[in-house]
S.K.: 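Quick one: the structure is below, questions incoming.
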Amino acid sequence: MLDIRFIRENTEAVKAAMANRNADVDIDAVLALDGRRREIVAEAEVLKAERNKTSKSIGQMIKEGKDPEAIKTQVREMGDRISAFDEEQREVEAKLREALLYVPNMPSDTTPVGKDENDNPVIRSWGEKKIFDFEPQMHWDLGAELGLFDLERGAKIAGSGFPLFTGKGAKLERALIQFMLDLHTEEHGYTEISPPFMCNETAMTGTGQLPKFAEDMYAVPLDGLYPIPTAEVPVTNMYGNEILDKELPILHTAYTPCFRREAGSAGKDTRGLLRVHQFDKVEMVKFTTPETSAEEHEKLTLDAEKVLQLLGLHYRVIELCTGDLGFSAAKCYDIELWAPAQDKWLEVSSCSNFNDYQARRANIRYRNEDGKTAFVHTINGSGVALPRLVIAIMENNQNADGSIDLPEALRPCMGGLQKLD
RNA sequence: GGAAAGGUGGCUGAGUGGCUGAAGGCGAUGGAUUGCUAAUCCGUUGUACGACUACCGUUGUACCGGGGGUUCGAAUCCCCCCCUUUCCGCCA
């Protein structure tokens with residue numbers, strides 16, 4: 001969340017930023033709650049100081065054998081007034097926190113201002129569109145013919161959007177996960193984490209999924225748990241309520257399945273593996289100082305790109321404008337793969353810098369050069385998500401006979417296999 | 001799921017109603033000293049929010065797993081919850 005002091009001291013800038021985001025938040029209401037809270041605290045603290053002092057004098061009186069009853073009554077009355085203040089303070093603070101949890105992050109100064117996804121600039125691209133001398137097939141047809149997945153049976157046991165991979169398709173998932181984890185741990189300096197696949201409400205709030213996006217999350221109410229929508233949740237919150245004494249930056253990578261209800265996107269891009277409720281993903285998460293976060297964000301994006309380069313896949317990097325930026329992000333690059341049969345770009349990675357927004361929610365701090373505690377900056381990005389990566393491999397590497405060439409870099413993880421046929 | 005014991009500062013570990021924001025030890029850090037890769041001595045060493053400030057600091061409040069209660073006053077007493085460890089049960 002945003003620092004309430006920052007909102008207080010930069011009210012106009014915050015309002016302008018919210019407008020750029022098309023975010024409907026009432027900053028004045030937040031400030032009113034903050035103002036009331038500060039009034040209450042100031043008054044209550046004077047009373048409390050008085051009570052503490054008087055209370056101590058009672059102990060003294062008892063030692064001296066004097067009768068403290070009159071003063072006791074007096075302090076009891078003070079206590080009643082304090083209780084009233086405390087109660088109102090609790091109410092106001094709960095409201096204030098709730099309101100703050102719904103205020104999105106400030107976009108970074110370098111984030112382009114724009115209305116929606118049409119205003120997202122293309123930053124760079126790599127490779128080029130492949131030319132086919134035959135009509136490329138859709139991945140769902142290829143997958144069915146080659147026996148890589150069985151979406152009907154996945155739907156039978158869980159519902160549509162729960163893909164079931166079979167044979168070489170299942171192995172391809174496993175190989176891609178291993179390939180990416182090995183790359184990030186061995187070449188890019190990340191430490192691998194294998195976290196819980198469910199998180200509690202506190203963790204889900206820390207990274208910004210709750211409270212606002214509850215309807216996008218699966219939930220296990222009986223146990224107060226949520227199947228994670230991304231490894232970002234457990235891997236970021238693992239340091240919640242800590243003052244990190246490790247050297248920054250901390251670099252983590254993790255494979256997890258991801259569970260998303262995809263509420264509100266019903267009927268959109270639903271064929272095949274385009275948009276599913278459960279998918280595999282390798283995620284990268286960084287904890288940095290404010291000084292290095294911008295640079296580390298760029299590097300993390302390059303780390304994700306490296307995966308695609310090694311697999312020989314044509315991609316582009318776009319930057320999300322203020323109107324399209326995610327709730328918690330200050331700056332974000334999306335990486336999109338070219339899918340020739342779809343004839344469109346598919347998002348496989350979203351690399352975001354959150355500055356101290358998540359750290360403030362999750363209370364993750366470090367000691368700066370002056371020895372003072374300060375909030376870390378968090379950065380994360382997919383490195384990368386599997387389903388659309390699989391789509392791109394299948395559609396780009398298909399042959400006229402319906403077989404699919406495996407990228408060379410992947411073959412060692414596939415037991416030397418060269419093609420799927 | 002049942003039983004027991006615990007959760008105190010960076011760590012360890014005292015503390016059963018006021019003199020405790022918290023002894024002692026370790027670690028860290030500043031200094032002194034010593035001709036040797038170390039010892040000794042002295043000092044400093046929690047977090048958050050607010051007020052004041054000559055911005056070196058001063059001061060108030062809160063915090064001893066979380067929440068609630070008793071009391072003039074709670075780390076300390078009571079209740080609920082969470083977590084950890086051990087034993088039993090169940091189980092991949």
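Just so we're on the same page: letters track the sequence lines, and every chain starts at 1. Remember, it's a predicted structure, so these values are computed and weren't measured experimentally.
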S.K.: Would you call A:E45 and A:K48 a salt bridge, using N to O less than 4.0 angstrom?
M.R.: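 Not counted as a salt bridge, because no side-chain N and carboxylate O are separated by less than 4.0 Å.
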S.K.: Is there a salt bridge (charged side-chain N to carboxylate O under 4.0 Å, His left out) between A:R174 and A:D280 once you walk through the steps?
M.R.: CA-CA 9 Å; A:R174 182 156 53 87; A:D280 292 313; over 6 Å; no
S.K.: May I ask you to say what A:T373 touches in the nucleic acid, namely base, sugar-phosphate or nothing, with a heavy-atom cut-off under 4.0 Å?
M.R.: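 Result for A:T373 = sugar-phosphate.
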S.K.: What is the nucleic acid contact for A:I58, judged by heavy atoms within less than 4.0 Å: base, sugar-phosphate only, or nothing?
M.R.: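 Base: the residue A:I58, judged by heavy atoms under 4.0 Å, touches a nucleobase.
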S.K.: If we take the P atom in both B:rC77 and B:rG18, what is their distance in whole Å?
M.R.: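 Looking at atom P only, B:rC77 and B:rG18 are 12 Å apart.
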S.K.: Taking atom C1' in both B:rG21 and B:rU45, compute the distance separating them and give it to the nearest angstrom.
M.R.: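 The same atom, C1', in both gives a distance of 14 Å.
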S.K.: Could you go through residues 157-167 of chain A and list every donor-acceptor pair under 3.5 Å that involves a side-chain atom there, pairing it with any protein atom two or more places apart or in another chain?
M.R.:
{"residue": "A:T166", "atom": "OG1", "partner": "A:G147", "partner atom": "O", "Å": "2.7"}

S.K.: Just N and O in the side chain of A:R37: are any of them under 4.0 Å from OP1 or OP2 of B:rC49?
M.R.: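 No, no such contact exists.
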S.K.: Distances for protein N/O vs nucleotides 58-60 of chain B N/O pairs under 3.5 angstrom?
M.R.:
{"residue": "B:rG60", "atom": "N2", "partner": "A:E45", "partner atom": "OE1", "Å": "3.1"}
{"residue": "B:rG60", "atom": "N2", "partner": "A:E45", "partner atom": "OE2", "Å": "3.2"}

S.K.: When you measure from the side chain of A:I62, which nucleotide among B:rG68, B:rG50, B:rG18 comes out closest?
M.R.: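 Shortest atom-to-atom distance from the side chain points to B:rG18.
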S.K.: Whole angstrom is fine here: how far is it from CD1 in A:I71 over to C1' in B:rU71?
M.R.: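 The answer, rounded to whole Å, is 16 Å.
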S.K.: Checking A:E87 side chain against A:A84 main chain: does a donor-acceptor pair fall under 3.5 Å?
M.R.: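 Flag not set: sc A:E87 to bb A:A84 has no pair under 3.5 Å.
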S.K.: Which nucleotide, B:rU47, B:rA51, B:rC72, lies nearest any side-chain atom of A:R38?
M.R.: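 So the side chain of A:R38 is nearest to B:rA51.
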S.K.: Which whole-number value in Å describes the distance from A:R51 CZ to B:rU71 C1'?
M.R.: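 Spelled out: CZ on A:R51 to C1' on B:rU71 is 11 Å.
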S.K.: For B:rG67, take OP1 and OP2 only and decide whether either is under 4.0 Å from a side-chain N or O of A:R90.
M.R.: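 For B:rG67, neither OP1 nor OP2 has a side-chain N or O of A:R90 closer than 4.0 Å.
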S.K.: Considering only NZ, NE, NH1 and NH2 on the basic side and carboxylate oxygens on the acidic side, decide whether A:E215 and A:R261 come within less than 4.0 Å.
M.R.: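 A salt bridge is absent here (no side-chain N lies under 4.0 Å from a carboxylate O).
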S.K.: Please convert RNA chain B into dot-bracket. A pair counts if it is Watson-Crick or G-U wobble with both distances under 3.5 Å; crossing pairs go in [ ] and bases paired with another strand get |.
M.R.: ((((((((.[[[..)..(.....]]]((((((.......))))))(((((((....))))))).[[[[[..)....]]]]])))))))....
S.K.: Taking the C1' atom in each of B:rG43 and B:rG60, what is the distance between them to the nearest angstrom?
M.R.: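 Per the computed distance, 27 Å lies between those C1' atoms.
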S.K.: Could you verify whether a donor N or O on one side chain and an acceptor N or O on the other, from A:Y255 and A:Q178, lie under 3.5 Å apart?
M.R.: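 The answer is no; no qualifying pair exists.
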S.K.: For B:rG73 and A:R76 - does any side-chain N or O of the residue sit under 4.0 Å from the phosphate oxygens OP1/OP2?
M.R.: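 A:R76 to B:rG73 OP1/OP2: no side-chain N or O under 4.0 Å.
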S.K.: Looking at A:D116, I want to see if its CG is surrounded by more than 12 non-hydrogen atoms of other residues, nucleotides or ligands under 6.0 Å.
M.R.: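 Counting neighbours around CG of A:D116, more than 12 heavy atoms of other residues, nucleotides or ligands fall under 6.0 Å, so yes.
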S.K.: Checking A:N105 against A:S328: is there a side-chain donor and acceptor pair closer than 3.5 Å?
M.R.: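 Looking only at side-chain atoms, A:N105 and A:S328 do not form any donor-acceptor pair under 3.5 Å.
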S.K.: Between A:K56 and A:A42, name the one whose nearest nucleotide on RNA chain B is closer to the 5' end.
M.R.: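 This one resolves to A:K56.
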S.K.: Roughly how many Å is it from CZ in A:R8 to P in B:rC49, rounded to a whole number?
M.R.: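 After rounding, the gap between these two atoms is 10 Å.
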S.K.: In terms of heavy-atom contacts, does CD of A:E201 have more than 12 from other residues, nucleotides or ligands at under 6.0 Å?
M.R.: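 Counting neighbours around CD of A:E201, 12 or fewer heavy atoms of other residues, nucleotides or ligands fall under 6.0 Å, so no.
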S.K.: Would you please classify the geometry between the A:H188 ring and the A:H184 ring as parallel, tilted or perpendicular, with 30° and 60° separating the classes?
M.R.: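 Because their plane-to-plane angle lies in the 30° to 60° range, the rings of A:H184 and A:H188 count as tilted.
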S.K.: Calculate the interatomic distance between A:F375 atom CZ and B:rU47 atom C1'; express it in whole Å.
M.R.: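 A:F375 atom CZ is separated from B:rU47 atom C1' by 11 Å.
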S.K.: Between B:rC56 and B:rG66, how far is it from one P atom to the other, in whole Å?
M.R.: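 Each nucleotide's P atom is 34 Å from the other's.
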